[in-house]
Every structure is written in C-alpha cells, then in structure tokens.
> 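Let me give you the structure first, and then I'll get to my questions.
As the structure is a prediction and not an experimental result, all values here were calculated from the model. Within every chain, numbering begins at 1; the chains are lettered A, B, ... in the order of the sequence lines, protein sequences first and strands thereafter. These numbers come from the heavy atoms of this one structure, side chains and all, not from hydrogens, waters or symmetry mates.
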Amino acid sequence: MSGETETKAPSQEAAAALEAIRGFLASTAPQAFGGKVDESTKLLANGALDSLGILQLTMFLGDELKIEVTDEDFVPENLETVGSLVQFVLRKQNVAP
Amino acid sequence: MSPYLLHHLLASTDGAPDRVAIVEGERTYSYGAFRSAVEALAGRLVREGVARGDRVAILLPKSFNECVAIFAASRVDAVFVPINPSLKPQQVLHIVRDSGARALVTLPDLVQALDKEALGALASLAVVLVGEEPVIGEKPLPAATNIGEDLAAILYTSGSTGLPKGVMLSHRNLLAGTRIVRTYLDIGPEDRILSLLPFSFDYGLNQLLTSVEQGAMLVLLSFQLGDEIVRALDRHRITGLAGVPTIWAFLTRAAPSLTRTKLPHLRYITNSGGAVPSNTVKRLRELLPTTRVFLMYGLTEAFRSTYLPPEELDRRPTSVGKAIPECEIFLVRPDGERARPGEPGILVHRGPTVSLGYWNRPEDTARVLRPHPFRPAAVGGETVCYSGDLAVQDEEGFLYFVGRDDAMIKSAGFRISPTEVEETLMASGQFRHVAVIGLPDAWTGQRVHAVAVASADGIDIANVLKQVSETLPSYMVPKQIELVDALPTTPNGKVDYKRLVAERV
C-alpha cells in the first residue's frame with residue numbers, strides 16, 4: 001500500500017529527487033556540474049555526461065532511488081535536462097502529476 | 001615493398017585516393033585526404049623539432065585528427081603516446097612527463113584544462129594545436145629511417161599498483177597485431193568498422209589499424225545513449241563492431257531501438273577487456289541473429305592472446321578460446337611446471353605481439369617479460385609475456401579465465417590499480433586505512449568499491465567522493481565507500497583483498 005506517497009505533495013517528491021540528482025552530479029562530474037544546478041541544467045548537450053556518466057546515473061537511480069530503469073527509458077526525452085530527469089524519476093515513483 | 005612501419009599501411013590505398021577512410025560525424029575523409037593530412041602534420045612535427053625516437057603525446061577526442069596524428073608520428077620516426085581525453089589533468093600530466101614527450105598534439109580547450117605551470121616546467125615540450133594552420137607548399141619530407149624493431153607506440157595502462165605504466169610496442173608488434181586480427185576476423189576492403197573504443201587502448205587502436213591496412217572504412221563515434229550506437233550501425237551499414245562488456249550492456253539493456261532495427265550488414269562483433277556475462281551473450285545473439293560473436297582475451301603487454309571461434313560459442317560459452325594465429329599460449333603453475341588440463345596456471349603468451357615491456361621500468365618489465373620457461377635461450381628460447389591472469393585449459397585446449405593473480409580491477413574495459421585509488425582516498429585525510437576492490441557488476445564487469453576505516457567520527461562521505469572525483473577519472477571513482485572498524489589481514493599482515501571480495505559477493 002502506498003498510503004504514505006498519496007499524502008505527500010508531488011512537489012516535495014520533486015524537491016527530494018532534485019536534491020538527490022544534484023548530489024549525484026556534484027560528486028560524479030564536478031567539472032561539468034560544479035556550478036549552479038537547476039531543472040534547466042542540460043545533461044546531454046556538449047557531452048556534459050558521457051556514456052560512462054549515463055551508466056553511473058543508471059546505477060545511481062537503481063541503488064539510491066530504487067528505480068528500475070528499463071531499456072525503453074534510455075531516450076533523450078528522459079535525460080535531456082535535470083528537469084526531465086526529475087519528471088522521469090517521479091513517473092517511475094508513480095507520483096508524477 | 002611489404003609494409004614494416006605503421007604509416008606504410010596507408011600505402012595500400014595509393015591507387016584509390018578517393019576511397020572513404022574515416023567518417024567523423026557528418027564529415028567524410030578519403031584516403032587521399034588522410035595521407036595529405038599525415039604529411040602536413042608530419043611536416044609540422046619536424047619543424048617543432050621532433051626527431052627520431054622522440055615521443056609525441058596525442059591528447060585528442062576520437063577524431064580524424066587523432067588518426068592523422070598517430071600516423072604522422074610514425075611518418076617522422078617518432079613514437080606516439082595516445083592519451084584518453086577522459087583522464088583528469090593530473091593523469092594527463094603524468095603520461096606527458098613519464099613518457100618524456102617532445103610534443104603534445106592537442107586542441108586549445110584541452111590544453112586550457114591542464115596546469116599551465118606544470119606544462120611550463122616541461123621546457124622541451126612543444127604544444128602542437130591541430131586544426132589551426134592551413135598547410136601549403138610543404139617540401140616533401142625525407143623517407144622514414146626507422147626499422148620494424150623501433151618503438152612505434154607507448155600505451156599507458158594500469159597494473160595492480162602505482163601509477164599507469166607505458167607499454168612499449170614496436171612497429172613489428174603493431175603490424176603483427178593488425179595482420180593477425182584481420183586474418184581471423186576476415187577483415188577486407190569492403191568492411192565498414194565502427195570505432196567506439198579509445199585509441200589509447202590497444203584493442204581500440206586495432207580497429208583503426210586493421211581498417212587502414214585493408215583500405216576499409218572506419219566510422220568514429222562518441223556516444224552517450226545506446227540508441228546512438230544502433231543508429232550508427234544502421235546508417236553506415238556497419239559490418240564490424242568491437243566492444244567491451246559495458247557496450248554490450250548498453251546495447252542489450254539501454255538501447256530500445258535495437259529490437260526494432262534489423263542489422264543484416266553487421267558481420268561480426270568482438271568482445272575484449274573483460275568477460276561478457278553469458279545471459280548478455282545470449283541476448284545479443286537473439287537481437288543480432290546473423291552476426292558472428294567473437295569472445296576474445298588480451299592484455300596490452302601482449303596486444304591480443306586468444307579468441308573463441310564463433311562456432312564454439314554454444315559448446316563453450318564461457319571460454320576465451322585458443323591462441324590467436326601466429327601465437328602460442330600455455331599455462332604455468334606456481335611451481336613453474338606446465339599446468340595440466342583442469343589445473344589453474346598463469347597464462348603465458350609467446351609470439352610476435354609480445355611487447356617490449358614498460359617504458360623506463362626495468363623491474364616491472366622483468367616481472368612480466370621473462371625467458372621462455374621451458375626452452376633456454378641457448379637453444380632458441382625467446383622472451384615471453386606472463387599475463388598475471390589465472391586460467392585453466394580443458395582437454396581440447398580451450399582456455400577459461402579464472403581470475404587475476406593480483407588485486408588489479410577491470411571496470412568498463414579500463415584497468416584500474418587499487419593502490420592509485422587508495423592513495424587518492426588516503427590523501428583526503430579522512431581515513432586510517434583504505435582498501436579498494438572490484439565487485440561484480442552487470443554493467444561494468446566490476447564496480448570499484450572502497451572499504452575504509454575512518455580516522456574520526458562524523459565523516460562526510462559525499463564530500464570525500466566529490467574531492468576524489470576532481471582528481472580521478474570517473475571510471476576510477478568508487479561507487480561506494482563502506483566504513484568498517486578494521487580491515488581483515490592475511491597471516492603476513494597484509495590487507496586480505498581476497499577475503500574482502502569474498503565477503504561481499
């Protein structure tokens with residue numbers, strides 16, 4: 001039963017996901033994401049995350065956020081920006097609007 | 001004349017200057033353009049003072065210019081030292097310094113990231129920026145004077161301890177590796193090969209060399225998502241693809257378009273740089289029913305050692321096969337005797353791809369390159385390569401990888417020295433002891449895992465990881481730092497790495 005998630009506002013979940021993703025980016029790619037990271041920060045453009053970075057992100061989503069990323073999830077729409085990644089995480093956690 | 005120097009390989013297409021050599025993004029380069037660019041850069045290197053035997057470090061992203069620089073170094077009797085641009089400035093400088101490079105061929109923004117002072121201290125280093133100056137009216141260069149025994153390349157790779165070491169390869173080594181791999185993969189002029197792996201990695205370099213030797217087409221690709229690989233395979237009707245376990249993980253688990261894309265042109269795929277899980281091989285064969293799968297094994301010190309013929313895959317899915325053409329492999333037990341079938345032994349390689357050892361490291365070299373154990377030099381025994389990899393052989397001579405004889409980690413195709421990661425972690429001042437191990441991982445083969453004893457309570461692990469990420473390339477950064485009260489030790493008082501791993505799998 002997901003009684004707890006129903007009572008939480010999606011914005012709280014979004015803030016938590018954003019925070020977790022920020023932490024991941026700061027620790028794995030400090031050069032590319034050392035400055036301000038917000039929802040508009042691009043993940044794919046200019047190779048901000050390389051293939052290994054994408055891989056690490058996948059492992060992070062699995063290990064830390066308990067999200068199972070499937071084959072079909074690896075599309076630019078989910079990974080373009082920090083914002084699209086947060087939305088993806090929320091959809092996976094079933095709390096997206 | 002048979003080719004005996006690396007750049008001689010370019011002569012195979014002398015009569016067909018319009019053949020496509022390299023595809024980089026939307027740009028296509030012919031063999032004629034390739035040869036002209038090599039001559040032009042060679043001229044610049046000579047003007048910068050590069051002479052026979054000098055090392056030319058190449059710090060470039062996967063690109064046409066990188067291919068040009070590799071051949072240009074050979075053209076001027078120099079030794080190329082390719083550097084993976086995903087390394088951090090500290091490691092780049094280590095390679096430039098350790099190799100004693102005379103020139104660094106790079107791009108403005110890549111040199112920008114390096115420490116000016118440290119670079120400046122290398123007084124004799126000429127920085128050659130590519131893609132800047134148009135070359136016109138060059139005088140033709142004199143022919144190269146090297147012979148096949150001269151050094152062609154130094155490839156930096158990690159062992160179980162310390163900083164990366166440079167493996168010295170002669171022209172003869174590189175040409176033998178090219179000829180041997182081309183033979184068993186049956187690569188010909190009509191092949192179109194996709195190059196995903198870095199040229200700083202001997203396995204990745206081989207795609208460039210076999211392609212040029214045959215006058216085939218090489219498509220360069222840096223990818224972020226698995227679907228980009230599928231798109232390139234389809235669009236360029238790629239016939240051959242070389243990958244490491246991580247690439248197969250991408251294709252089977254993170255490339256949604258692969259199930260919808262038929263790739264009838266893809267003649268073969270090859271794996272090296274670590275074992276591919278059997279279920280991944282199975283899935284690849286379902287997704288690519290007409291493609292032959294070659295599982296291979298090699299180490300930079302001997303370039304390539306074994307491959308499993310695709311027709312054996314069903315019978316021996318976990319075997320790395322038998323010796324590549326022109327080479328012999330045997331297993332040596334700890335007591336120095338030849339291992340019998342089923343007995344584990346150190347894999348020993350003999351043949352024309354045995355390297356010349358580690359640059360400026362005679363002691364390390366002596367551990368890896370040794371006299372033939374069963375045939376004294378007086379009766380023709382030569383130097384062979386002790387891999388440090390434990391293997392067993394079945395009754396029919398097929399080899400199976402057992403493990404490392406040391407603590408070296410292999411992750412995403414990269415060789416990682418635990419001590420290099422440990423020293424970086426210790427430098428944070430937060431730990432009393434650290435041991436770094438590799439744990440099995442579906443995506444990368446092994447994931448880097450640190451087991452540590454904190455020097456005080458309340459340590460901020462996230463912050464330590466952040467610090468470490470600034471000095472280590474991402475593939476070396478531990479996925480996790482696990483705090484314990486004490487590290488297990490062996491009866492000799494050394495950290496018990498085997499136990500640390502065994503307790504966590």
Side-chain angles (χ1 to χ4, degrees), chain A residues 16-37 41-82 84-85 88-89 91-92, chain B residues 61 84-86 88-89 109 113 196-197 221-230 244-247 249-260 283 287 411-414 441-444 447-448 460-481:
Chain A
L18 178 62
E19 211 36 54
I21 291 164
R22 269 196 189 130
F24 164 80
L25 294 174
S27 65
T28 48
Q31 264 89 352
F33 301 101
K36 189 171 174 290
V37 171
T41 304
K42 290 190 167 61
L43 294 176
L44 295 178
N46 305 319
L49 278 184
D50 60 6
S51 57
L52 219 53
I54 300 284
L55 204 62
Q56 287 165 331
L57 175 65
T58 310
M59 301 202 292
F60 162 79
L61 293 175
D63 295 348
E64 303 297 320
L65 299 180
K66 308 293 171 218
I67 286 171
E68 207 190 314
V69 187
T70 64
D71 195 334
E72 297 294 328
D73 298 327
F74 286 90
V75 287
E77 299 82 80
N78 290 337
L79 301 160
E80 203 81 69
T81 62
V82 170
S84 55
L85 182 60
F88 165 70
V89 168
R91 273 200 305 283
K92 282 283 179 176
Chain B
N84 189 335
S86 75
K88 293 289 158 80
D109 57 331
L196 301 174
L197 304 169
L221 181 72
S222 305
F223 70 99
Q224 290 167 295
L225 297 172
D227 276 354
E228 295 168 66
I229 306 176
V230 178
V244 292
T246 308
I247 289 183
F250 263 102
L251 280 179
T252 55
R253 304 167 61 153
S257 66
L258 185 54
T259 50
R260 304 187 287 271
R283 183 76 187 121
L287 289 163
S411 183
F414 292 101
D441 182 82
W443 286 94
T444 57
R447 62 165 74 192
V448 182
D460 183 353
I461 295 282
N463 195 42
V464 172
L465 281 176
K466 188 177 166 185
Q467 270 181 44
V468 170
S469 301
E470 275 161 19
T471 50
L472 291 180
S474 59
Y475 64 84
M476 287 176 72
V477 177
K479 297 285 117 12
Q480 200 192 334
I481 300 178

> Please state whether the side chain, the backbone, both or neither of A:L57 comes within less than 4.5 Å of a heavy atom of chain B.
neither
> Enumerate the side-chain hydrogen bond (donor to acceptor under 3.5 Å, both in side chains) contacts for residues 65-80 of chain A, please, sequence neighbours excluded, ordered by first and then second residue.
A:T70-A:D73, A:D73-A:K92, A:N78-A:R91
> Looking at every non-hydrogen atom in both residues, tell me the closest pair between B:Q224 and A:L49 and how far apart they are.
NE2-O, 2.7 Å
> If I measure from the heavy atoms of chain B, does A:V69 come under 4.5 Å with its side chain, its backbone, both, or neither?
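Contact with chain B involves no heavy atom of A:V69 at all.
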> Side chain to side chain contact (heavy atoms under 4.5 Å, CB included) between A:T58 and B:R253: does it pass, once the steps are laid out?
CA-CA 11 Å; A:T58 310; B:R253 304 167 61 153; over 6 Å; no
> At a heavy-atom separation under 4.5 Å, does B:T252 approach chain A through its side chain, its backbone, both, or neither?
backbone
> Under 4.5 Å from any heavy atom of chain A, what part of B:N463 do you find: side chain, backbone, both or neither?
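Looking at B:N463, nothing touches chain A.
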> Could you grab the distance from atom CZ of B:F223 to atom CD1 of A:I54, nearest 0.5 Å is fine?
10.0 Å
> Counting only heavy atoms closer than 4.5 Å, note whether B:T246 contacts chain A via side chain, backbone, both or neither.
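B:T246 touches chain A through side-chain heavy atoms alone.
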> Return the set of residues passing salt bridge (charged side-chain N to carboxylate O under 4.0 Å, His left out) with A:K36 (not counting sequence neighbours), or none when no residue passes.
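A:D38.
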> If I take atom CE from residue A:M59 and atom CG from residue B:D441, how far apart are they, to the nearest 0.5 angstrom?
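Interatomic distance, A:M59 CE to B:D441 CG, rounded to 0.5 Å: 5.0 Å.
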> Under 6.0 Å from the NZ atom of B:K466, do we count more than 12 heavy atoms belonging to anything else shown?
no
> Counting only heavy atoms closer than 4.5 Å, note whether B:A254 contacts chain A via side chain, backbone, both or neither.
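Looking at B:A254, backbone and side chain both touch chain A.
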> So which heavy atom on A:D63 is nearest to which on B:R447, and how close?
OD2-NH1, 3.1 Å
> Surrounding NZ of A:K42 (heavy atoms of other residues, nucleotides or ligands, distance under 6.0 Å), is the total greater than 12?
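No, NZ of A:K42 has 12 or fewer neighbouring heavy atoms, counting only those of other groups under 6.0 Å.
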> Which atoms of A:L44 come close to chain B, meaning under 4.5 Å heavy atom to heavy atom: side chain ones, backbone ones, both, or neither?
both
> Below 4.5 Å, heavy-atom pairs only: which of B:A113, B:A462, B:G226, B:A255 has the largest tally toward chain A?
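With the most close heavy-atom pairs to chain A, the winner is B:A255.
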> Parallel under 30°, tilted from 30 to 60°, perpendicular over 60°: which one fits the rings of B:F250 and A:F74?
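Perpendicular, since the angle between the ring planes exceeds 60°.
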